[in-house]
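Only one structure is covered here, and it is reproduced in the block below.
Small disclaimer: the values here were computed from a predicted structure and weren't measured.
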Amino acid sequence: QVQLVESGGGLVQPGGSLTLSCTTSGFSLDYYAIGWFRQAPGQEREGVSCISMSDGSTFYANSVRGRFTISRDNAKNTVYLQMNSLKPEDTAVYYCAAAQFTIQTMCAIFAELNDRWGQGTQVTVSS
């Protein structure tokens, strides 16, 4: 059974940092891309960052490039999202997902195609 579980969210002040974790089980990650997505109230879900589990290549949305870093630990079947210099506009529920897409495709359109998501983890950036 394929499972992805998000954790690590919380309340942080603007300029602060958080690290999210996406722990996977039930499938081999070798040929998958793992993506982080977010959905703010009243807004569409959007791709934030994606990583290839085979070669570690990464993709970032323009809004987070230079502030967020995605990484993987294949031994632990876990993908991380290090978020620095957080802004109020980063406030959202963050989700992770896996698919056999390129990282660019994963981040660009997967949110529109997928209708099965986990519970996500809430990130709130506020003073």
Side-chain angles (χ1 to χ4, degrees):
Q1 182 180 355
V2 174
Q3 281 194 317
L4 299 95
V5 179
E6 306 93 345
S7 63
L11 173 63
V12 63
Q13 292 186 340
S17 299
L18 280 175
T19 299
L20 307 183
S21 299
C22 173
T23 303
T24 72
S25 61
F27 66 108
S28 172
L29 296 174
D30 289 350
Y31 301 103
Y32 278 80
I34 301 288
W36 282 100
F37 302 82
R38 67 186 181 186
Q39 187 169 26
Q43 297 188 19
E44 297 291 323
R45 203 181 322 250
E46 62 175 354
V48 173
S49 182
C50 296
I51 187 167
S52 166
M53 297 305 287
S54 59
D55 66 10
S57 55
T58 58
F59 180 89
Y60 296 93
N62 289 337
S63 58
V64 306
R65 187 174 293 114
R67 300 188 297 122
F68 290 11
T69 302
I70 192 170
S71 61
R72 77 196 199 282
D73 185 333
N74 289 58
K76 295 183 178 180
N77 292 330
T78 300
V79 170
Y80 304 97
L81 186 68
Q82 173 69 43
M83 306 186 295
N84 298 326
S85 302
L86 282 161
K87 304 176 181 180
E89 51 263 43
D90 294 317
T91 296
V93 180
Y94 284 70
Y95 304 87
C96 63
Q100 291 183 310
F101 287 170
T102 66
I103 54 175
Q104 293 85 356
T105 300
M106 183 80 175
C107 268
I109 69 170
F110 187 78
E112 299 176 36
L113 301 177
N114 187 46
D115 61 1
R116 292 192 300 175
W117 298 92
Q119 65 180 12
T121 186
Q122 176 71 48
V123 172
T124 302
V125 185
S126 175
S127 54

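Of the N and O atoms on the side chains of Ser17 and Asn84, at least one donor lies less than 3.5 Å from an acceptor on the other residue. No hydrogens or angles considered: a donor-acceptor pair under 3.5 Å links the side chains of Gln82 and Thr19. Ser126 and Thr124 share no side-chain donor-acceptor pair at under 3.5 Å.
There is no path of hydrophobic side-chain contacts, each under 4.5 Å, that joins Tyr95 to Val64.
The environment of CD in Gln119 is sparse: at most 12 heavy-atom neighbours from other residues, nucleotides or ligands sit within 6.0 Å.
Going from atom OG of Ser49 over to atom CE of Met83 covers 11.0 Å, rounded to the nearest 0.5 Å. Note: Asp30 CG to Ser52 OG = 10.0 Å, rounded to the nearest 0.5 Å. Annotation: the span from Arg72 atom CZ to Thr78 atom OG1 amounts to 12.5 Å, rounded to 0.5 Å. From Asp73, atom CG reaches atom CE of Met53 across 8.5 Å, with rounding to the nearest 0.5 Å. The distance from the CD atom of Gln122 to the OG1 atom of Thr91 is 7.5 Å, given to the nearest 0.5 Å.
No side-chain heavy atom of Tyr94 sits less than 4.5 Å from a side-chain heavy atom of Glu6. For the pair Val123 and Leu20, the minimum side-chain heavy-atom distance is below 4.5 Å.
Listed by chain and residue number, Phe37, Met106, Phe110, Trp117 satisfy the side-chain contact (heavy atoms from CB on, under 4.5 Å) test with Ala97 (two or more places apart in sequence, or in another chain). Partners of Ser85 according to the side-chain hydrogen bond (donor to acceptor under 3.5 Å, both in side chains) rule, which considers only residues two or more places apart in sequence or in another chain, do not exist here. Residues satisfying the side-chain hydrogen bond (donor to acceptor under 3.5 Å, both in side chains) criterion with Thr102, sequence neighbours excluded, are Thr105.
Sorted by first and then second residue, the salt bridge (Lys or Arg N to Asp or Glu O under 4.0 Å) pairs involving residues 43-60 (not counting sequence neighbours) are Arg38-Glu46. The ring-ring contact (aromatic ring centres under 6.0 Å, His included) analysis of residues 39-76, with sequence neighbours excluded, yields no pairs. Applying the disulfide (SG to SG under 2.5 Å) test to every pair with at least one member in residues 96-127, sequence neighbours left out, gives these pairs: Cys22-Cys96, Cys50-Cys107.
For the side chain to side chain contact (heavy atoms under 4.5 Å, CB included) with Leu18, the lone residue among Val12, Asp90, Leu81, Val125 that qualifies is Val12.
Thr24 places a side-chain N or O within 3.5 Å of a backbone atom of Asn77 that can act as its donor or acceptor partner.
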